[in-house]
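FYI, side chains are in, hydrogens and waters are out, and symmetry mates aren't considered; it's all heavy atoms of this structure. Reminder, nothing fancy here: chain letters follow the sequence lines and each chain counts from 1.
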Amino acid sequence: MPQEYDHGAIEAKWQERWRRSGLYETPLEQAERPYYNLMMFPYPSAEGLHVGNMYAFSGADVHGRFQRMQGYDVFEPIGFDAFGIHSENFALKVDRHPTDLIASNIRNFRRQLERLGGQFAWSKTVETTDPAYYHWTQWLFLTLWKGGLAYRARRNVKWCPQDLTVLADEQVMADGTCERCGTPVVERELEQWFLRISAYTERLLAGLDQLDWSESTKLLQRHWIGRSVGSLLDFPIDGGEPLRVFTTRADTIFGATFMVLAPDHPRTLELTTPELRPAVAAYVAEATRRRIAGVREEEVATRGIYLGRSARHPLTGRNLPIYAAEYVLSGYGAGAIMAVPAHDSRDHAFAKAFDLPIVEVVSGGDGTGGHGGGALVNSGEFDGLAAPDPAREVVTAAIAERGLGRTHVTYKLRDWGISRQRYWGPPIPAIHCPVHGAVPVPEDQLPVLLPQIADFRPLGTGESPLARDPEFFNTTCPICGGAAQRETDVSDTFLDSSWYYLRYPSADRSDGAFDPGLTRKWLPVDTYIGGNEHAVLHLLYSRFVAMALHDLGWLDFEEPFTRFRAHGTIVQNGAKMSKSRGNVVVPDEYIDRFGADAFRLYLMYMGPFSEGGEFRATGINGPQRFLLQIFRLLARMEGEGQAEAEPRVLAQARHRCIQQVTTDTPELKFNTAIAAMMSFVKRLKEHQGPVPRPALETLALLLAPYCPHAAEEIWERLGNPYSVHQQPWPKADPAMLVRDQVAVVISINGKKRDQLMALPGTSPNELQELALGSPRIQQWLAGRRPSRVVVVPDRQVNLVVAGD
RNA sequence: GCCAGCAUGGCGGAAUGGCAGACGCGGCGGUCUCAAAAACCGUUGAGCGCAAGCUCGUGUGGGUUCGACUCCCACUGCUGGCACCA
């Protein structure tokens, strides 16, 4: 290591100094210009923080430090999202208790985060596994429950019959087998807790329009919510309730030639003739098996069975045969459809396979299921109406008049199931009383502590391992005092993370989830930076929880994150880092070798922060060399004694650099900001003569968000008072940004042929004269007159000449 | 299949209507050294030329424009999301 820049000593020195002075412990009560800079808290895995985490935290920290130098009181907390099935599975695998594992993982994460040099407010950290935290996660659940937003319902869960455990969706492999043992997964219906996020779909959708978020993230949320406007239509059944279907194309109803139910539609067997029931029941069982397996083969599109009965067309009275088929899903719309094979490709494929009639009712289609885009035909009184609009409204209205239909909006977003039949999570604070049913645990009895049971293996009954601990579950009913049992399921880890940002400012309070005064002062979050992999679940749940707490009187805002920016992904060998791929890069060795500052710089310099990039260890020496050069300049200046006044060219370069870094940093265009600083350093090195002090002073300030330790060191050696991070951001002087001379390109028919220097602001006429006067240009023109001259002031003169 | 985003030297990237390749990595040549590393200096899109310089060049094909990496149309490939959502 070159002696001019000993990154190890410098970084240790300043980290210690920051800790001692409490530089980053922003006083929350007194702050005058609060700025809440949030980043997604990590899951403390056993491998330690990887480069992807470092990338996200570095970028968020650069942003926070920049805001601090803009004069804000920045609050930049960090915490640990440590509950969940990953921890639990890992603990099972290595046969240790998750409590022990998590504690050491967190210690390791904390050590790594401290080395990175982030301005974290460590006194306000949270750990979701800490009873002092999940006390309030349980409170949140109770609050939502009391607000009518939590309910119990039976729903299917994925179940491994070999491991006897409930599986998360992502633990089911593509072929429908368990990821751990390869056994085919089945479904079991269990009574579970749900949060009524579906009550908020419209607000979740509308709110997006007002938010300053990455467009990609908003788009993902819109798709996930999946709003679709259509009609619910009732097709009468002789001797039974009408069959209800959902369609977005009510205008094509005259083209409906058959009906299709999802195999697991509740009325499938009822609508089957008695003699076909055995065959249909067998088909339904087979279809269910394939659905769990997630089979996506081609044949699924054409697999189905005739039920032997018909529905009556509400307008024509014709009989439409009813089928059950796998291409119709029970969980969406009405779980049943009217099939219009002439104008829907899936219906078309099915009609072909079962030799069902195809009737075109929109002109201009290709007859194979395309939508067409003309007028209605073969549609009785509606012929000639433009399709799809306004025809679908007119048709729906006509059917509504007969009492057989209405306009309906449907969504893909389902209610949020939060029950987990596992161990490693906060117990759901409910008590089941034989007399009173499910009763909330009284708030003064929170937290319901997760017992330290030694055997936390899944039980095999569809219940949580807590169900083997009578000491835990045996209790009394809070209402009647009779014998009762605690809920033994724990809650989803997304519930923990749905409100953690509310906790940070109040992390040390024990009298409530979040202090009203601090919350009013610090929230909503000013900037939230995180990965787009959480675009729909975490970010949507957090918005829902904030809206719900708002409606229940706990918050005075509805949207928790005013500004959200998605950062890119760091990949290695073209693949996202993950332990299963074996390509996790742990940053410690690079920080040892190059220092946290050079490492941060390398990560931020790779490309636009929103894009991520490929991690290549080669290349970190570039930023390190850059820092070394600055320290060499510093040593040179110190050796030369007090430098004289700053030469004009260097002052201009300095102000251009300030300008660039100042505009790029808040836009998270860190790569170009760093490039500007590198260019400036290059310029300084080329300069003969003493290094002007303002150059280094400015560099220390501009570098502070990016390389917080090196910037402190330079700042101190220049004789300035602690700390560089408390200085105001430098301002570019507009007068210094004006160039003395500009290079004007002269081109003929768009090709560069010469160049001249001119004063900025030279008039177009004058530039044209200068251009025409150039000997080189006259040579190219060879006597021809330009038919047109385009002058771009201060930049270019383009001469248009015929026949060149 | 649908919806986004992306495509520029050996590599990461810059420039979003006006000098393509800033800045960095790597390579090549040199300085220092017994030597090596580090560092420093020079050079580095391709082709032609002794040279001044010229020609070509931003995934492919068209278009708009005095002028296109940039805007429009079509296509190809990659990345991410959704995926029988009626």
### Summary
Heavy atoms of A:T268 and A:A262 approach each other most closely as OG1-O, 3.3 Å

#### Entry: Rounded distance in Å - NZ (A:K412) to C1' (B:A86)
11 Å

### Task
Provide, to the nearest angstrom, the distance between the CZ atom belonging to A:F609 and the C1' atom belonging to B:G13.
17 Å

### Query
Within this structure, what is the CZ-to-C1' distance between A:R227 and B:A86, rounded to whole angstrom?
17 Å

### Query
Rounding to a whole Å, what distance do you find between A:E533:CD and B:C82:P?
12 Å

### Query
Taking only residues two or more places apart in sequence or in another chain, which ones pass ring pair (Phe, Tyr, Trp, His ring centres under 6.0 Å) with A:H408?
A:F246

### Summary
The dot-bracket string of RNA chain B, counting Watson-Crick and G-U wobble pairs with both distances under 3.5 Å, using [ ] for crossing pairs and | for pairs to another strand, is (((((((..(((.....[....)))((((((.......))))))((((....))))..(((((..]....))))))))))))....

### Task
Using the test ring pair (Phe, Tyr, Trp, His ring centres under 6.0 Å), find all partners of A:W416 that sit at least two apart in sequence or belong to another chain.
A:Y541

### Task
For A:Y327 and A:D347, test the side chains for any donor-to-acceptor distance below 3.5 angstrom and give the result as yes or no.
yes

### Message
Between C1' on B:G13 and CZ on A:R616, what's the gap in Å once rounded to a whole number?
### Response
12 Å

### Query
Under the side-chain contact (heavy atoms from CB on, under 4.5 Å) test, which residues partner A:D415, sequence neighbours left out?
A:Y151, A:F194, A:R196, A:I197, A:S198

### Task
Would you mind reading off the distance between A:Q221 atom CD and B:C82 atom C1', rounded to a whole angstrom?
14 Å

### Task
Can you label the angle between the A:F609 ring and the A:H567 ring as parallel, tilted or perpendicular, going by 30° and 60°?
tilted

### Message
On RNA chain B, compare the nucleotides closest to A:G333 and A:L220; which residue's is nearer the 5' end?
### Response
A:L220

### Summary
Heavy-atom nearest nucleotide on RNA chain B taken for A:G613 and for A:E686; more 5' hit belongs to A:G613

### Task
List in chain and number order the residues that pass salt bridge (charged side-chain N to carboxylate O under 4.0 Å, His left out) with A:R683, two or more places apart in sequence or in another chain; answer none if no residue qualifies.
none

### Task
Classify every nucleotide of nucleotides 18-32 of chain B by which part a protein heavy atom approaches to under 4.0 Å, writing B for the base, S for the sugar-phosphate alone and - for neither, in 5'-to-3' order.
BB--BBSSS------

### Message
Tell me whether the side-chain N/O atoms of A:R753 come closer than 4.0 Å to OP1 or OP2 in B:U55.
### Response
yes

### Task
Give the rounded distance in Å between these two atoms: OH of A:Y55 and C1' of B:G12.
11 Å

### Query
Side-chain donor-acceptor pair under 3.5 Å between A:Q624 and A:R593, yes or no?
no

#### Entry: A:S231 and its side chain to side chain donor-acceptor pair (under 3.5 Å) partner, picked from A:T396, A:T248, A:T247
A:T396

Let me check something: any side-chain donor-acceptor pairs from residues 654-663 of chain A under 3.5 Å, sequence neighbours excluded? List them with distances.
| from | atom 1 | to | atom 2 | distance (Å) |
| --- | --- | --- | --- | --- |
| A:R654 | NE | A:E646 | OE2 | 2.7 |
| A:R654 | NH1 | A:T698 | OG1 | 2.9 |
| A:R654 | NH2 | A:E646 | OE1 | 3.0 |
| A:H655 | ND1 | A:D733 | N | 2.9 |
| A:Q660 | NE2 | A:D664 | OD2 | 2.8 |
| A:T662 | OG1 | A:I658 | O | 2.5 |
| A:T662 | OG1 | A:W729 | NE1 | 2.9 |
| A:T663 | OG1 | A:Q659 | O | 3.2 |
| A:T663 | OG1 | A:Q660 | O | 3.2 |

Might you list the N or O atoms of the protein lying below 3.5 Å from N or O atoms in nucleotides 2-9 of chain B, with each pair's distance?
| from | atom 1 | to | atom 2 | distance (Å) |
| --- | --- | --- | --- | --- |
| B:C3 | O2' | A:H223 | NE2 | 3.1 |

### Message
Under 6.0 Å between ring centres: does that hold for A:Y323 and A:F350?
### Response
yes

#### Entry: A:E667: side-chain contact (heavy atoms from CB on, under 4.5 Å) partners, not counting sequence neighbours
A:K669

### Task
Specify the separation, in whole Å, of atom CZ of A:F626 and atom C1' of B:C40.
17 Å

## Note on the structure
Glycosidic torsion of B:G9 (syn if within 90° of 0, anti otherwise) classifies it as syn

#### Entry: Summary of side chain to side chain donor-acceptor pair (under 3.5 Å) pairs that have at least one residue in residues 600-609 of chain A, sequence neighbours excluded
A:D61-A:R600

What N/O pairs connect the protein and nucleotides 62-64 of chain B at under 3.5 Å? Give each pair on its own line.
none

### Query
side-chain contact (heavy atoms from CB on, under 4.5 Å) with A:P242: which residues, sequence neighbours excluded?
A:D234

### Query
So what does A:R776 touch, heavy atoms closer than 4.0 Å: a base, only the sugar-phosphate, or nothing?
sugar-phosphate

